[in-house]
Amino acid sequence: MTTLRSSLMPSLVKTSPFFSYFTKIPWIFPGQNTFQASLQVHSHRSTVFSKTILKCSCNSYFSIHAARYFCSVALAATSSVHKSSASSTDKISNRSRKKALKESPDRVLKHKLDMCSKNGQVVEALKLYDEARSNGIQLQQHHYNVLLYLCSSSSSLETSEDIDVLSVGLSRGFEIFQQMMTDKVYPNEATFTSVARLATARDDPEMAFSLVKQMKDYDIAPRLRSYGPALFGFCRKLMPQEAYEVDSHMAAAEVQPEEPELSALLKLSSDVKKADKVYELLLRLRRTVRQVSEPTAKVIEDWFNSECAAEVGVKRWDVNEVREGIVKRGGGWHGQGWLGSGKWRLVRTVMDDSGVCQLCGQKLVCIDIDPKETENFAASLTKLACEREVKAEFNRFQEWLERHGPFDAVIDGANVGLINQHHFSFIQLKRVVYQMRQLSPTKRMPLIILHRSRVTGGPALNPNNKRLIESWKDCGALYATPHGSNDDWYWLYAAVRFKCFLLTNDEMRDHLFQLLGNNFFPQWKEKHQIRMSVSQDGLKLHMPPPYSVVIQECENGSWHIPTATGDDLETPKQWLCATRAN
């Protein structure tokens, strides 16, 4: 019996959570008296087994029943152990797989190339590429794109006394691109743009433009940066027809040029004495950038000071036709071409508060905003706000505006309360609210937008400030934006919704406002933003100018071009004034 007992025990000894349970139950073996076994079971208070044994009428029945029970329990115990073991094995294998993936040759290469890109290490990246090739590592799209980017930017990223980094980058860059095609690695827009830059660095804008055209064969949409190498290359080489072809290709692809591209085309047209193109590009600048940077201002100055500019223009024109053209186009330009003759007088000047040029005496006009554009802008703003804010919260704000509006002005409370202050000032905000109310034709309270934290903590806990906040709430003039929200969306939407003034010193230049585009938003801001200054004399509100800050072509043929110089509350904006006597 001892031998039999020992032959059964090993499968359960210390391998199962049920081991301690089984050691408390007496083992029953064939040949043992049934009644004796029943008593043993009863003595251990195992009612389950006693009921089964007392029902047995013979040893064979009991033996089969008991064996079946113990086998099922033992299998269940073994299954639990196996599941636990399998779970642990899965966790270990997952960690092992992740570690193996992280330490795989292509992942290690990716990390090292990314670090080279971050640090501008062209030569080191090329060494890594050569090692990978010799070790048989298969490069993927990302590997090739990082290498091509570094090679195409080699002249600006790294310098070396021993190595001509630019020459190495150019020669190896084309070699790497060829290998990418040989390996049948699919290129993307970044691939073509980098190779186009390589071509332009090799003074081959034709190849750069050819690469842009080939993107269509891969169903890749070109971006503005894709055209840059070819366009700037043609402009630099004074190849106007080719540059204009790139410009036309951009228009067909619905890619909008920005100031650098238009400025390059303007300089090219001025250099090759294409006066009609210069005229066209000045009007395109007017639509695109409104005020020009200093490099572009220098290009414009060079044009008006050139002999070609002095020679172009009609001596006589139909004044009524010019005036009708200005009205038809919404003001600010007539589109009739160069008017007048003779040399231009070009001077930097400023406008007075009413928009009169301090040099020539011409009064600038205020260009109306298309109501349909305003509606489209409001719809676009709502869509963006709902995407970036909690939609339910922003919808609740819209419903609140419908109940409490309209308003004649909206105040960015956080911005106003902190102007020239170390801590948020409710006293300053209160004074501004009073001034804005006095400006309202109906003496209506302006809408104050504040984050909820501003009205529940800090200075808001002061008893006087508490009473002030409650008074604003009672008259429906204060809206507290919820936690986690960006109050910029709220005050901007309210001002657009009610077509009213917006008081804030926020320049609205960060990524949030860039989402709104550069076409309509600057026009809207120019007409609706009130700014504020604080001095020893008190608060002063700076109303929007009664004229449009945009390139303007007057009916007498003179031009006024706003520059990016100045335009703060202390320094007035500088304008280029171009006039001629005839």
Side-chain angles (χ1 to χ4, degrees), residues 224 250-251 253-259 261-262 280-292 323-335 355 364-389 394 397-398 401-402 405-410 412 447 449 488-504 506-531 543-554 560-562 564 567 573:
L224 180 59
M250 291 171 64
E254 297 184 347
V255 175
Q256 299 297 323
E258 297 180 355
E259 183 175 2
E261 291 76 25
L262 293 174
E280 173 196 323
L281 287 161
L282 280 173
L283 295 180
R284 288 175 65 183
L285 271 172
R286 178 184 185 275
R287 293 193 299 270
T288 305
V289 299
R290 300 176 69 80
Q291 58 187 20
V292 301
R323 287 175 178 170
E324 287 175 5
I326 291 175
V327 173
K328 181 180 178 181
R329 291 170 174 81
W333 67 291
H334 51 71
L364 301 184
V365 300
C366 182
I367 301 166
D368 295 332
I369 294 179
D370 186 347
K372 184 65 177 177
E373 283 190 284
T374 304
E375 292 177 13
N376 294 339
F377 179 65
S380 174
L381 178 61
T382 304
K383 181 175 180 293
L384 285 169
C386 288
E387 288 174 355
R388 282 158 177 78
E389 295 291 313
F394 199 78
F397 173 61
Q398 291 176 301
L401 289 178
E402 295 304 318
F407 296 94
D408 295 328
V410 176
D412 175 6
L447 171 61
I449 301 292
D488 293 4
W489 289 112
Y490 290 79
W491 49 253
L492 181 58
Y493 173 81
V496 174
R497 165 68 181 79
F498 295 118
K499 304 179 179 66
C500 65
F501 288 121
L502 169 64
L503 175 54
T504 180
D506 192 325
E507 292 297 334
M508 294 179 264
R509 291 173 180 164
D510 63 21
H511 71 282
L512 182 154
F513 302 104
Q514 290 174 7
L515 295 171
L516 301 172
N518 294 322
N519 292 329
F520 181 80
F521 182 55
Q523 300 178 51
W524 181 91
K525 185 174 73 167
E526 176 187 291
K527 286 183 171 295
H528 293 85
Q529 183 181 5
I530 300 175
R531 295 186 289 182
M543 302 302 290
Y547 57 92
S548 295
V549 181
V550 65
I551 296 175
Q552 296 202 23
E553 181 188 27
C554 300
H560 293 87
I561 298 103
D567 197 29
K573 176 175 289 297

- Can you tell me how far CD of Q398 sits from OH of Y490, rounded to the nearest 0.5 angstrom? 9.5 Å
- Task: Hey, could you give me the CD/CD distance between Q291 and E526, rounded to the nearest 0.5 Å?
- Result: 8.5 Å
- Task: Answer yes or no: is there a side-chain heavy-atom contact under 4.5 Å between T288 and P257?
- Result: no
- When rounded to the nearest 0.5 angstrom, what distance separates CZ in R286 from CZ in R284? 14.5 Å
- Here the pair of heavy atoms bringing C366 nearest to P546 is CB-O, 3.4 Å
- Is the shortest heavy-atom distance from the side chain of I326 to the side chain of W333 under 4.5 Å? no
- Here the pair of heavy atoms bringing L262 nearest to L285 is CB-CD2, 4.0 Å
- CG of L281 to CD of E261: how many Å apart, nearest 0.5 Å? 12.0 Å
- Query: After noting the C-alpha distance and the side-chain angles of V327 and H334, does the key distance pass the side chain to side chain contact (heavy atoms under 4.5 Å, CB included) rule?
  - Reply: CA-CA 8 Å; V327 173; H334 51 71; over 6 Å; no
- Separation of L364 CG from I551 CD1 (nearest 0.5 Å): 12.0 Å
- Non-hydrogen side-chain atoms of E553 and L283 separated by less than 4.5 Å: yes
- Query: For the atom pair CG (L492) and NZ (K525), what is the distance rounded to the nearest 0.5 Å?
  - Reply: 10.5 Å
- Message: Please determine whether salt bridge (charged side-chain N to carboxylate O under 4.0 Å, His left out) holds for the pair E507 and R531, giving the CA-CA distance in whole Å, both sets of side-chain angles, and the decisive distance to 0.1 Å.
- Response: CA-CA 10 Å; E507 292 297 334; R531 295 186 289 182; 3.6 Å; yes
- Item | Side-chain heavy-atom pair F501, D408 within 4.5 angstrom cut-off | no
- Query: Counting distance only, does the side-chain N/O of K527 pair as donor-acceptor with the main-chain N or O of I367 below 3.5 Å?
  - Reply: yes
- Compute whether any side-chain donor of one residue and acceptor of the other, for Y547 and Q552, lie under 3.5 angstrom apart. no
- Message: Check whether T504 reaches the backbone of D506 with its side chain - one donor and one acceptor, N or O, closer than 3.5 Å.
- Response: yes
- Message: Once you measure the plane-to-plane angle for F498 and F407, does it fall in the parallel (<30°), tilted (30-60°) or perpendicular (>60°) bin?
- Response: perpendicular
- Query: Taking all non-hydrogen atoms of both residues, which atom of V289 and which atom of V292 are closest, and how far apart?
  - Reply: CG2-CG1, 4.2 Å
- Item | P544 side chain reached by H528 side chain, heavy atoms, under 4.5 Å | no
- Message: Any non-hydrogen side-chain atom of L401 less than 4.5 Å from a side-chain atom of Y493?
- Response: yes
- Query: What heavy-atom pair brings G332 and V365 nearest, and what distance separates the two atoms?
  - Reply: N-CG2, 3.6 Å
- Query: Any side-chain heavy atom of E389 within less than 4.5 Å of one from F397?
  - Reply: no
- Under a 4.5 Å cut-off applied to non-hydrogen side-chain atoms, are R497 and E402 in contact? yes
- Sequence neighbours excluded, which residues qualify as side chain to side chain contact (heavy atoms under 4.5 Å, CB included) partners of K383? E387
- Message: Test of understanding: with side chain to side chain contact (heavy atoms under 4.5 Å, CB included), list the residues that count as partners of T374, not counting sequence neighbours.
- Response: I369, K499, F520
- Query: How far apart are the closest heavy atoms of F394 and A385, and which atoms are they?
  - Reply: CZ-CB, 3.5 Å
- Item | A495 to V410 - nearest heavy-atom pair and separation | N-CG2, 3.8 Å
